[in-house]
Amino acid sequence: MSLILREFVISLGSHAKTLTTADIHSVNDAFTALLKAMVHQTGEMFEAARQPITAVQFDMARRFIGENLHSPDLGPDMLCTHLGVSRRQLYYLFERHDGVANYIKNRRLAACYAALTRGDTRKMISSIAFDHGFTSLSSFYRLFHKRYGFNPGEARSAWLEGRSSHDGMVTSFGEWMSQVRAA
């Protein structure tokens with residue numbers, strides 16, 4: 001447990017200047033749970049401490065990823081260095097999100113989709129892909145089509161024409177709700 005405390009304090013110290021008010025409350029909860037686990041060394045207390053600490057670390061990782069989607073170097077090594085955690089701990093943090101690489105890929109694809117459908121209509125699709133960390137245009141097209149069921153050009157064309165890019169196919173709960181309300 002002292003190793004977890006040490007890692008948490010080191011990680012926290014390196015990010016102290018960037019913490020928001022909400023972060024401070026979350027860190028306080030995590031630190032309190034960790035101290036309780038140190039005093040009452042039971043399996044139950046250790047497990048109770050793990051959840052808030054993991055939540056704080058994941059939130060820090062999520063924000064870092066969002067701020068660095070443009071970097072082709074964004075990956076596990078960069079995250080481990082920034083967060084001050086081991087690769088094993090990083091993989092644990094992203095276990096529920098199908099892994100670190102998938103999480104980053106999906107965030108990049110979502111950012112590209114948003115840029116294609118709400119962004120600068122004069123910007124080339126390749127520029128949007130490269131601006132969001134993709135290094136291969138063919139890989140970007142393949143991943144985009146696999147994720148959304150249509151290619152980036154179709155998404156942009158549909159948006160420009162004022163229609164949905166997926167022609168009635170519901171891809172999110174929000175879309176389903178808006179269709180239910182309209183009916």
Side-chain angles (χ1 to χ4, degrees), residues 11 14-15 18-20 22-23 26 51 54-183:
S11 179
S14 67
H15 300 287
T18 62
L19 294 175
T20 65
D23 292 334
S26 297
Q51 186 177 3
T54 300
V56 168
Q57 289 175 325
F58 179 77
D59 193 51
M60 291 168 69
R62 180 190 57 76
R63 274 200 322 255
F64 183 77
I65 289 168
E67 294 165 358
N68 290 281
L69 284 177
H70 64 278
S71 174
D73 296 328
L74 180 62
D77 291 335
M78 190 175 184
L79 277 165
C80 287
T81 300
H82 177 74
L83 296 173
V85 298
S86 66
R87 189 176 276 269
R88 182 174 182 258
Q89 178 63 21
L90 183 71
Y91 288 157
Y92 173 76
L93 291 174
F94 284 89
E95 195 172 54
R96 293 183 181 140
H97 302 277
D98 294 327
V100 180
N102 278 328
Y103 183 86
I104 293 170
K105 176 191 69 178
N106 289 333
R107 295 282 292 138
R108 283 183 167 144
L109 288 169
C112 288
Y113 182 86
L116 287 165
T117 59
R118 292 179 209 95
D120 182 359
T121 58
R122 294 169 295 178
K123 194 166 196 174
M124 293 176 52
I125 292 172
S126 59
S127 295
I128 290 171
F130 294 135
D131 287 350
H132 291 90
F134 287 98
T135 57
S136 163
L137 197 55
S138 62
S139 174
F140 166 69
Y141 271 87
R142 182 178 40 78
L143 292 169
F144 191 96
H145 190 274
K146 183 177 179 184
R147 173 90 174 149
Y148 297 108
F150 44 86
N151 70 43
E154 292 170 330
R156 175 175 274 168
S157 294
W159 178 73
L160 289 171
E161 294 169 9
R163 62 182 172 82
S164 173
S165 54
H166 44 75
D167 296 328
M169 181 178 73
V170 177
T171 60
S172 73
F173 181 72
E175 288 179 29
W176 178 77
M177 288 297 293
S178 63
Q179 286 183 359
V180 168
R181 275 188 246 145

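Heavy atoms only: backbone and side chains are in, while hydrogens, waters and symmetry mates are out.
- Judged by distance alone, the side chain of His145 and the main-chain N or O of Tyr141 form no donor-acceptor pair under 3.5 Å.
- Closest approach of Leu116 and Pro152 over heavy atoms only: CD1-CB, 3.6 Å.
- Contact between Ala155 and Thr117 at its shortest, heavy atoms only, is O-CG2, 3.9 Å.
- The shortest side-chain heavy-atom distance between Thr81 and Met78 does not fall under the 4.5 Å cut-off.
- Aromatic ring pairs are classed by plane angle as parallel below 30°, tilted from 30° to 60° and perpendicular above 60°; the pair Tyr103 and His97 is perpendicular.
- The two residues Leu90 and Cys80 come nearest to each other via the heavy atoms CD2-SG, 3.7 Å.
- To the nearest 0.5 Å, atom CD1 of residue Ile65 and atom CZ of residue Phe58 are 7.0 Å apart.
- Scanning all heavy atoms of the two residues, the minimum distance from Cys112 to Ala129 falls at SG-CA, 4.1 Å.
- When side chains are defined from C-beta on, Pro76 does not count as touching Phe94, because their heavy atoms never get closer than 4.5 Å.
- From Asn106, atom CG reaches atom CG of Asp98 across 8.0 Å, with rounding to the nearest 0.5 Å.
- The list of salt bridge (charged side-chain N to carboxylate O under 4.0 Å, His left out) pairs with a residue in residues 102-114, not counting sequence neighbours, is empty.
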task = May I have the step-by-step check of side-chain contact (heavy atoms from CB on, under 4.5 Å) for Leu79 and Ile104, ending in yes or no?
result = CA-CA 11 Å; Leu79 277 165; Ile104 293 170; 4.1 Å; yes
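- If you take CZ on Arg142 and CZ on Arg147, they are separated by 14.5 Å, rounding to the nearest 0.5 Å.
- Residues passing the side-chain hydrogen bond (donor to acceptor under 3.5 Å, both in side chains) test with Ser138, sequence neighbours excluded: Ser136.
- The distance from atom CZ of Phe150 to atom OH of Tyr113, rounded to the nearest 0.5 Å, is 4.5 Å.
- Here the two rings, on Phe144 and Phe134, have centers that are 6.0 Å apart or farther.
- Using bins of under 30°, 30° to 60° and over 60° for the plane-to-plane angle, the ring pair Phe64/His82 lands in the parallel bin.
- In this structure, Phe140 and Ile128 have side chains that are not in contact, with every pair of non-hydrogen atoms separated by 4.5 Å or more.
- Atom CG of Asp131 and atom CE of Met124 lie 11.5 Å apart (nearest 0.5 Å).
- With sequence neighbours left out, Asp77 forms a side chain to side chain contact (heavy atoms under 4.5 Å, CB included) with Arg87.
- One distance of note links CZ of Arg156 with CH2 of Trp159; it measures 8.0 Å at 0.5 Å rounding.
- Annotation for Val100 and Tyr91: closest pair CG2-CD2, 3.7 Å, computed over non-hydrogen atoms.
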